[in-house]
Structure formats: C-alpha cells, structure tokens
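All values below were derived from every heavy atom in this structure, side-chain atoms included, with hydrogens, water molecules and symmetry-related copies excluded. By convention in this document, chain letters (A, B, ...) are assigned in the order of the sequence lines, proteins followed by strands, and residues within each chain are numbered from 1.
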2 protein chains.
Amino acid sequence: MREPTFLVLAALLEGPKHGYALLSAVNDLSDGRVNLQVGTLYGALDRLSRSGWVMESGTEIVDGRHRRYFTLTDTGARALAEETARVTARANKAAALLAQHRKGFAL
Amino acid sequence: MREPTFLVLAALLEGPKHGYALLSAVNDLSDGRVNLQVGTLYGALDRLSRSGWVMESGTEIVDGRHRRYFTLTDTGARALAEETARVTARANKAAALLAQHRKGFAL
DNA sequence: TGCTATATATCGGTGTTCTGAATATCGTCG
DNA sequence: CGACGATATTCAGAACACCGATATATAGCA
C-alpha cells in the first residue's frame, strides 16, 4: 500500500467524507508533506471501492454542488490496522539498525 | 520510497553486502514477509547508485563466483533515517485514529 | 549426467501514482 | 450581465517501482 492510499484510509477513520474534503484531510494528516492530487484521489477511491475497503455512502447536493460521500468499511479498517502494524514493525527494525550504525561508525 | 527499497537500505546498515546476500538479508529483515525478486533488487541498486545512496565497493571472486559489493553512503543513511521518521509519524497518527475509531468514534 | 545452490543480469508487463487538462455549478465582485 | 474564484469530479497520458520470467556461469553432490 502506498502513502496516498494509506492516508486516504486513515482520513476516513474520522467518518464519511467527500472527495474534496479528503484532499485537505490528507494534507493535514501528513502535516502538509503530502499534497494529494485529485487524479490520485479518485483513482485510489475507485480502486478501494472495487476491493471493498471503502463504500460510496450516498450523494448530497450542497449549494448546487454534487458531493459523493465515501465511508470506510470494516474490511478497510482491518486492512489499515494490519498495514499500520506492519509498517510500525519495519520502522522499529530500521530504527534499531540505524542506532547501531551510528554507534559503530560514529559521526 | 517503497518497501523493497527501504529494506535494501536497512540491510546495508549492517555493512557492505553483495546482491545475493541482500536477497536473504531482506527476507530476514521482513520476517519472511517480503520475498525480494532479483529484478527488483538490481533495479533498486542501479537507481540507488545513480542517486548516490549506495556505492559499489569493489568486486571479489569467491569459489569462482563473482561478487559485486554495495555500501551505504552517508547520504543514503541520512535518507533512510528521514524516511524512517516519516513512516513512524504516519503510523503513529494512524494508530491513534484507529484507537479512536474502535472506541465508537465521532470526532 | 542431472539437480541444486550460488551469483549476477536483463526484459516485458503490471499496478499505483503523478501530471495536467477538461467539465460543471454556485456566489461574488465590478 | 459577465468574469472569476472556489468547490467538485473525471479522464488520458506518462513516470516509476516492482514482479516474474529468463539467461548466464560455477561448484558440489548423487
């Protein structure tokens, strides 16, 4: 799973959101480091819908603008939890090796 | 940076390694979850060499078999440290959101 | 001789993301 | 009224990393 996809799922943990709202949510979540492109977002949303990790949860019209809402499914939440555990384990291992590396070669 | 590339850099923190050794090192590092393909490895090694994150550090012939050694550069170690920090921050944020989500959510 | 392990290398195909443009509607400013 | 910015979505094309298959060669073992 790539970073944009991960962040989209994470943003949806807060509750159902529409596309444009996800753009700023992902931006916030990553402390501004990831500037999600619209093309990336809707591509990811389509992919995640097909694999059952998110669900379209109805449309709404606000000020004449069409909004498509997306909700995280239980499957999606579980997948995100697994991915988070996996990534954490990896990062911890790398951190340990980095500490050792610094000790051995000094700075 | 994707998982295989990340793991290659992490494996090189232990010291210079040749291609084939990296294959098993990455496998060990990921607890067998990532089975690095040769195509991925040499592709990554070429890329990382071009960007100055790893360096070819000489060849050796052992039992008639040619070995190309690769070493992590300081730039590469720094990049890996940054990536690790970045990934850790992301994972922590997701973990916090997941905990909130399980509790019954509503932000 | 054939099989396995070691060791390096290339190539085409695939999936995810990025780039960039196009479409549409509403509110506001001049 | 008409231009413009903000909101909201869609899509085509390219870039890039990864995967799987394939190829080469040496050494050891049955």
Enquirer: In Å, rounded to the nearest 0.5 Å, how long is the span from CD of B:Glu56 to OG1 of B:Thr71?
Expert: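 Rounded to the nearest 0.5 Å, the CD-OG1 separation comes to 9.5 Å.
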
Enquirer: To the nearest angstrom, how far is B:Leu45 atom CG from C:dA7 atom C1'?
Expert: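 Spelled out: CG on B:Leu45 to C1' on C:dA7 is 13 Å.
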
Enquirer: Expressed in angstrom and rounded to an integer, what is the separation of B:Leu22 atom CG from C:dA7 atom C1'?
Expert: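 These atoms are roughly 12 Å apart.
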
Enquirer: Under a criterion of less than 4.0 angstrom to any heavy atom of chain A, what are the 5'-terminal and 3'-terminal contacting nucleotides of DNA chain D?
Expert: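 Nucleotide range in contact with chain A: D:dT7 to D:dC11.
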
Enquirer: How would you label the contact of B:Arg65 with the nucleic acid (heavy atoms, under 4.0 Å): base, sugar-phosphate, or nothing?
Expert: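 The residue B:Arg65 makes base contact.
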
Enquirer: Are side-chain heavy atoms of A:His66 and A:Arg68 found at a separation under 4.5 Å?
Expert: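 Touching, per the 4.5 Å side-chain cut-off.
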
Enquirer: Could you tell me how far apart A:Arg67 (CZ) and C:dT25 (P) are, to the nearest whole angstrom?
Expert: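 Checked: the CZ to P distance equals 17 Å.
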
Enquirer: My understanding is that only one of B:Leu48, B:Thr73, B:Leu22 makes a side-chain contact (heavy atoms from CB on, under 4.5 Å) with B:Leu12; could you say which?
Expert: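 Single side-chain contact (heavy atoms from CB on, under 4.5 Å) partner of B:Leu12 among B:Leu48, B:Thr73, B:Leu22: B:Leu22.
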
Enquirer: Has A:Thr40 got a side-chain N or O lying under 4.0 Å from the OP1 or OP2 atom of C:dT19?
Expert: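 So the side chain of A:Thr40 is outside the cut-off, no N or O lying under 4.0 Å from OP1 or OP2 of C:dT19.
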
Enquirer: Please give, in whole Å, the distance from C:dT25 C1' to A:Ile61 CD1?
Expert: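 Atom-to-atom, A:Ile61 to C:dT25, this comes out as 10 Å.
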
Enquirer: Within the pair B:His18 and C:dT8, is there a side-chain N or O less than 4.0 Å away from OP1 or OP2?
Expert: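 Yes.
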
Enquirer: Please report, rounded to the nearest Å, how far the C1' atom of C:dC18 is from the CZ atom of A:Arg47.
Expert: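 Going from A:Arg47 (CZ) to C:dC18 (C1'), I get 12 Å.
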
Enquirer: Answer yes or no on whether B:Arg67 is positioned over the face of B:Tyr20, meaning its NZ or CZ is under 6.0 Å from the six-membered ring centre and within 45° of the axis.
Expert: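 No, B:Arg67 does not lie over the aromatic ring of B:Tyr20.
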
Enquirer: I need the CG-C1' distance between B:Leu36 and C:dT6, as an integer number of Å.
Expert: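 Going from B:Leu36 (CG) to C:dT6 (C1'), I get 16 Å.
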
Enquirer: Do A:Glu3 and B:Arg86 meet the salt-bridge criterion of a basic N to acidic O distance under 4.0 Å?
Expert: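 A salt bridge is present here (some side-chain N lies under 4.0 Å from a carboxylate O).
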
Enquirer: With DNA chain D as reference, determine whether B:Gln37 or A:Phe70 sits nearer its 5' end, using the nearest nucleotide of each.
Expert: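 Mapping each residue to its closest nucleotide by heavy atoms, the 5'-most match is A:Phe70.
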
Enquirer: Just wondering, more than 12 heavy atoms not from B:Asp74 lying within 6.0 Å of its CG?
Expert: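 Open.
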
Enquirer: Taking B:Gln37 for the side chain and B:Asn35 for the main chain, is one N or O donor matched with an acceptor at less than 3.5 Å?
Expert: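 Yes, the answer is positive, given that a donor and an acceptor are paired below the 3.5 Å cut-off.
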
Enquirer: Taking for each residue the nucleotide of DNA chain C bearing the nearest heavy atom, is the 5' side occupied by A:Thr5 or by B:Asp46?
Expert: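 Final value for this comparison: B:Asp46.
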
Enquirer: Could you check A:Phe6 against B:Gly43 and say which one's nearest nucleotide on DNA chain C is further toward the 5' end?
Expert: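 Going by which nucleotide is closer to the 5' end, it is B:Gly43.
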
Enquirer: Heavy atoms only, 4.0 Å cut-off, all strands: where does A:Gly39 land among base, sugar-phosphate and nothing?
Expert: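 Touches a base.
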
Enquirer: Measure CG/B:Leu23 against C1'/C:dA7 and give the value in whole Å, please.
Expert: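 Going from CG in B:Leu23 over to C1' in C:dA7 covers 10 Å.
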
Enquirer: Indicate, with a heavy-atom threshold strictly under 4.0 Å, whether A:Gly19 touches base, sugar-phosphate, or nothing.
Expert: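 Since only primed, P, OP1 and OP2 atoms lie under 4.0 Å of A:Gly19, the category is sugar-phosphate.
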
Enquirer: For A:Thr84 and A:Leu80, indicate whether the former's side chain and the latter's backbone hold a donor-acceptor pair under 3.5 Å.
Expert: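 Yes, A:Thr84 side chain to A:Leu80 backbone: donor-acceptor pair under 3.5 Å.
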
Enquirer: Could you check which of C:dT16, C:dA21, C:dT8 has an atom nearest any side-chain atom of B:His66?
Expert: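 Out of C:dT16, C:dA21, C:dT8, the nucleotide with an atom closest to B:His66's side chain is C:dT8.
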
Enquirer: So, OP1 or OP2 of C:dT8: does either fall under 4.0 Å of a side-chain N or O from B:Tyr20?
Expert: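 Negative; the distance criterion is not met.
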
Enquirer: Is B:Val62 touching bases, backbone alone, or none of the nucleic acid, heavy atoms closer than 4.0 Å?
Expert: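 No contact.
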
Enquirer: Can you tell me the distance, in whole Å, between the CG atom of A:Leu48 and the C1' atom of C:dG15?
Expert: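 My rounded result for the distance is 13 Å.
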
